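Residues: numbered from 1 along the sequence shown. We count ligands from 1, going down the list as the structure has it; atoms in each ligand are counted the same way. What you see is a predicted model, and the numbers here were worked out from it, not measured in a lab.
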Amino acid sequence: MALLGCGVVGTEVVRLLRDQADDLAARVGAPLELAGIAVRRPDRVRQGVDPALLTTDAHALVTRDDVDIVIEVIGGIEPARSLLLEAMKSGKSVITANKALLAEDGATLFAAAREYGADLYYEASVAGAIPLLRPLRESLVGDHVHRVLGIVNGTTNYILDQMDTHGAGFNEALQEAQALGYAEADPTADVEGFDAAAKAAILAQLAFHTPVSAADVHREGITEVTSADVAGAKAMDSVVKLLAICERIPSPDGRNGRGVSVRVYPAMIPRSHPLASVREAYNAVFVEAESAGSLMFYGAGAGGAPTASAVLGDLVAVARNLVGGASGPVEVTYASLPVLPMGETVTRYYIQLDVADQAGVLATVAEEFARHGVSIQAVRQVGFGDDAQLVVVTHRAPDAALSATVRGLRGLDIVREVSSVMRVEADE
Ligand SMILES: NC(=O)C1=CN([C@@H]2O[C@H](COP(=O)(O)OP(=O)(O)OC[C@H]3O[C@@H](n4cnc5c(N)ncnc54)[C@H](O)[C@@H]3O)[C@@H](O)[C@H]2O)C=CC1
Ligand SMILES: N[C@@H](CC=O)C(=O)O
Ligand code: NA
């Protein structure tokens with residue numbers, strides 16, 4: 001087999017291949033031999049990596065006759081995509097941890113896998129070590145999934161957790177997450193929600209048998225989350241988490257639904273909800289299916305060794321397929337449900353307003369909500385005089401109506417500032 005990339009994940013893959021060689025061979029029924037490792041800088045000293053295996057010519061490596069499985073842990077779109085396509089065209093099975101590529105152009109990879117009869121496995125791409133894609137691709141493929149909801153980015157969960165529990169600053173917490181090997185090469189992918197959006201696209205596609213790419217996903221990251229948001233959540237006995245939500249939106253008459261909603265944003269969830277206790281870089285995902293009910297998947301979502309565990313699981317699976325003359329599951333997107341715009345998605349908002357503490361303020365604010373057909377669930381005033389703040393939590397309403405309400409509030413004379421706006425999830 002060939003390994004492409006020897007960074008945080010690749011180094012751990014090499015270590016596990018070496019340390020568990022005998023067990024892996026026994027489980028597969030044949031030895032797993034590493035024929036070469038494609039790297040960018042072959043002169044760099046890599047502990048425990050045989051320098052003789054290193055090459056900078058990844059293209060030559062993926063088509064070599066003594067390679068029948070290619071593991072891609074380079075990341076990014078190119079050259080990862082070309083290398084995987086070349087490998088499949090040459091009859092190799094492929095394994096990748098590359099969610100960015102799968103979400104941007106998974107259709108091309110899946111088409112190549114079908115055309116060349118190649119296995120394409122990618123368990124590590126979503127929620128690191130947690131077995132989640134195999135359950136969706138295989139165990140739950142006979143069920144009807146309604147919703148997939150959870151925390152799928154370790155870096156942002158680490159940052160939000162540090163802000164919540166230690167009052168840590170954003171940048172300091174991000175640097176720690178980078179040092180621990182959780183962050184993407186460009187951490188913007190994590191903090192702006194691109195990584196979680198890519199994972200949401202992969203999950204939605206598998207759950208709903210519908211083509212979903214990264215561009216279809218409504219995405220908001222955590223860079224706009226302020227200490228006021230975190231404090232506001234605390235006051236509500238809630239916590240802020242970056243959530244990925246993939247939902248089948250029911251239609252009155254069709255079992256298949258009107259479409260799907262796929263979205264990523266920071267949201268307030270009650271501290272009593274199981275997702276609130278997901279700390280540090282851990283991930284947790286709920287899958288709600290018609291017959292299975294609610295299933296929860298929890299574990300290490302990032303880091304070299306946990307991610308390598310998922311890669312090795314895929315490796316044993318494809319190697320067993322090769323030994324037994326079998327092949328893995330193919331992706332089917334027969335349902336072709338539309339991905340609905342965010343404005344049509346029904347959510348709830350928490351809104352904090354700095355207001356003038358005077359007669360009639362509450363009525364004016366309430367009128368703005370009513371004008372957009374948004375019903376208020378709870379309202380309370382915090383402070384008085386110049387420090388007066390109103391905290392409003394809405395009932396469920398279309399996101400378009402909720403955001404129009406916020407725009408309207410910003411235009412009111414008696415509202416000095418809309419100091420916090422956050423969606424509320426998982427509390428009904
Ligand atoms: N680190 C983590 O916790 C997780 C990472 N992943 C995914 O795994 C993949 C790898 O991630 P990391 O190991 O963290 O990244 P990394 O940046 O530590 O490693 C990537 C390695 O690929 C090398 N590389 C880049 N271009 C190359 C080329 N053309 N030929 C050969 N080598 C090349 C880089 O020099 C680097 O050493 C990414 O797709 C990432 O999204 C997935 C789940 C978790
Ligand atoms: N950068 C990602 C790594 C795993 O996918 C994360 O923080 O979750
Ligand atoms: Na996984």
Among all the protein's non-hydrogen atoms, which is closest to atom 14 (O) of ligand 1, and how far away is it? Val8 CB, 3.6 Å
Distance under 6.0 Å and angle within 45° of the ring axis: does Arg147 meet both against Phe286? no
Find all atoms of ligand 1 within a distance of less than 4.0 Å from any non-hydrogen atom belonging to Val39, and give their numbers and elements. 31 (C), 32 (N)
Taking only non-hydrogen atoms of Ala302 and a 4.0 Å limit, the atoms of ligand 1 in range are 3 (O)
For Arg423, is there an ion pair with Glu220 - N to carboxylate O distance below 4.0 angstrom? yes
Gly303 heavy atoms, cut-off 4.0 Å: which ligand 1 atoms fall inside? 2 (C), 3 (O)
Do the side-chain N and O atoms of Asp229 and Ser420 include a donor-acceptor pair separated by under 3.5 angstrom? yes
Among Asp57, Ile74, Leu54, which one has a heavy atom closest to atom 28 (C) of ligand 1? Ile74
Please determine if Gly154 has a nitrogen or oxygen closer than 3.5 Å to a nitrogen or oxygen of ligand 2. yes
Under a 3.5 Å threshold, yes or no: a donor from one side chain and an acceptor from the other, between Tyr121 and Asn321? yes
Atoms of ligand 1 under 4.0 Å from any heavy atom of Thr307, numbered from 1 in the order shown, are 2 (C), 3 (O), 4 (C), 42 (C), 43 (C), 44 (C)
Please list the nearest protein heavy atom to atom 39 (O) of ligand 1 with its residue and the distance rounded to 0.1 Å. Gly75 CA, 3.2 Å
Going from CG on Asp68 to CD on Glu33, what distance comes out if it is rounded to the nearest 0.5 angstrom? 10.0 Å
Atoms in ligand 2 with a heavy atom of Glu184 nearer than 4.0 Å: 1 (N), 2 (C), 3 (C)
Checking side-chain contact (heavy atoms from CB on, under 4.5 Å) between Leu4 and each of Thr96, Ile74, Asn98, which is the one that passes? Ile74
Taking all heavy atoms of Cys6 and all of Val14, pick out the closest pair and write down the distance. SG-CG2, 4.3 Å
Using every non-hydrogen atom in the two residues, find where Val28 and Ala319 come nearest and quote the distance to one decimal. CG1-CB, 3.6 Å
With heavy-atom distances below 4.0 Å as the criterion, list the atoms of ligand 2 near Lys99. 2 (C), 3 (C), 4 (C), 5 (O)
Which atoms of ligand 2 have any heavy atom of Asn153 under 4.0 Å away? 2 (C), 6 (C), 7 (O), 8 (O)
Under a 4.0 angstrom heavy-atom cut-off, which atoms of ligand 2 come close to Lys199? 2 (C), 4 (C), 5 (O), 6 (C), 8 (O)
Restricting to heavy atoms, the pick from Val9, Thr155, Asn283, Asn157 nearest atom 7 (O) of ligand 2 would be Thr155
Least distance between heavy atoms, Leu206 atom then Leu133 atom: CD1-CD2, 3.8 Å
Heteroatom proximity flag, Lys99 to ligand 1, N/O under 3.5 Å: yes
When distances are taken from atom 17 (O) of ligand 1, the protein heavy atom at minimum range is Ala185 CB, 4.2 Å
Quick note on ligand 1: atoms under 4.0 Å from a heavy atom of Glu184 include exactly 40 (C), 41 (O)
Just jot down the ligand 2 atoms closer than 4.0 angstrom to any heavy atom of Gly301, in number order. 4 (C), 5 (O)
Salt bridge present between Glu86 and Lys89 (N-O < 4.0 angstrom): no
Could you tell me whether Ala124 approaches ligand 1 through its side chain, its backbone, both or neither, with non-hydrogen atoms closer than 4.0 Å? backbone
Return the closest protein heavy atom for atom 21 (C) of ligand 1 as residue, atom name and distance. Gly7 N, 3.8 Å
Numbered atoms and elements of ligand 1 in range of Asn98, under 4.0 angstrom, heavy atoms: 39 (O)
Using 0.5 Å steps for rounding, measure from the CD atom of Glu123 to the OG atom of Ser125. 7.5 Å
Any donor-acceptor pair under 3.5 Å linking the side-chain atoms of Asp399 with those of Thr345? no
Measure the distances from the heavy atoms of Gly181 to every atom of ligand 1 and state whether one is below 4.0 angstrom. yes
Does Glu184 pair with Lys99 as a salt bridge, N-O distance under 4.0 Å? yes
For ligand 2, which is the ligand I care about here, please tell me if Ser125 has any N or O atom under 3.5 Å from one of the ligand's N or O atoms. no
For the 3.5 Å polar cut-off, considering only N or O atoms, please tell me whether Ala58 and ligand 1 meet it. no
Does atom CD of Glu78 have more than 12 heavy-atom neighbours, drawn from other residues, nucleotides or ligands, at distances under 6.0 Å? yes
Could you tell me the separation between the CZ atom of Phe208 and the CG atom of Leu136, rounded to the nearest 0.5 Å? 9.5 Å
Starting from atom 34 (C) of ligand 1, which protein heavy atom do you reach first, and at what distance in Å? Arg40 NH2, 3.7 Å
Against heavy atoms of Tyr182, which atoms of ligand 2 measure under 4.0 Å? 1 (N), 2 (C), 3 (C), 6 (C), 7 (O)
Roughly how far apart are Leu84 CG and Asp105 CG, rounded to 0.5 Å? 11.0 Å
Establish, yes or no, whether a centroid distance under 6.0 Å links the rings of Phe369 and Tyr349. no
Point-to-point distance, once rounded to the nearest 0.5 Å, from OG1 of Thr394 to NE2 of His372: 13.0 Å
I'd like to check which ligand 1 atoms, numbered from 1 as shown, lie under 4.0 Å from a non-hydrogen atom of Val73. 10 (C), 20 (C)
To check your reading of the site, what angle at the Na ion (ligand 3) do O of Val126 and O of Gly128 form, to 10°? 100°
Proximity flag Ala183 to ligand 2, non-hydrogen atoms under 4.0 Å: yes
Among all protein non-hydrogen atoms, which one is nearest to atom 11 (O) of ligand 1, and what is the separation to 0.1 Å? Val9 CG2, 3.9 Å
Element-labelled atoms of ligand 1 that are located less than 4.0 Å from some non-hydrogen atom of Ala38: 31 (C), 32 (N)
From Arg64 atom CZ to Ser90 atom OG, the distance as rounded to the nearest 0.5 Å: 13.0 Å
To check your reading of the site, what angle at the Na ion (ligand 3) do O of Ile130 and OE2 of Glu123 form, to 10°? 70°
Would you mind checking which non-hydrogen protein atom is closest to atom 23 (C) of ligand 1, with the distance to 0.1 Å? Gly5 CA, 4.3 Å
Which bit of Asp190 is near ligand 2, meaning a heavy atom under 4.0 Å away: side chain, backbone, both or neither? side chain
Does the protein put a heavy atom less than 4.0 Å from atom 8 (O) of ligand 1? yes
Just let me know how Asp195 lines up against ligand 2, side chain, backbone, both or neither, with a heavy-atom cut-off below 4.0 Å. side chain
For atom 29 (N) of ligand 1, what is the closest protein heavy atom, and at what distance to 0.1 Å? Pro79 CG, 3.4 Å
Step by step, work out the salt bridge (charged side-chain N to carboxylate O under 4.0 Å, His left out) result for Arg137 and Glu331. CA-CA 8 Å; Arg137 284 177 104 185; Glu331 305 311 345; 2.7 Å; yes
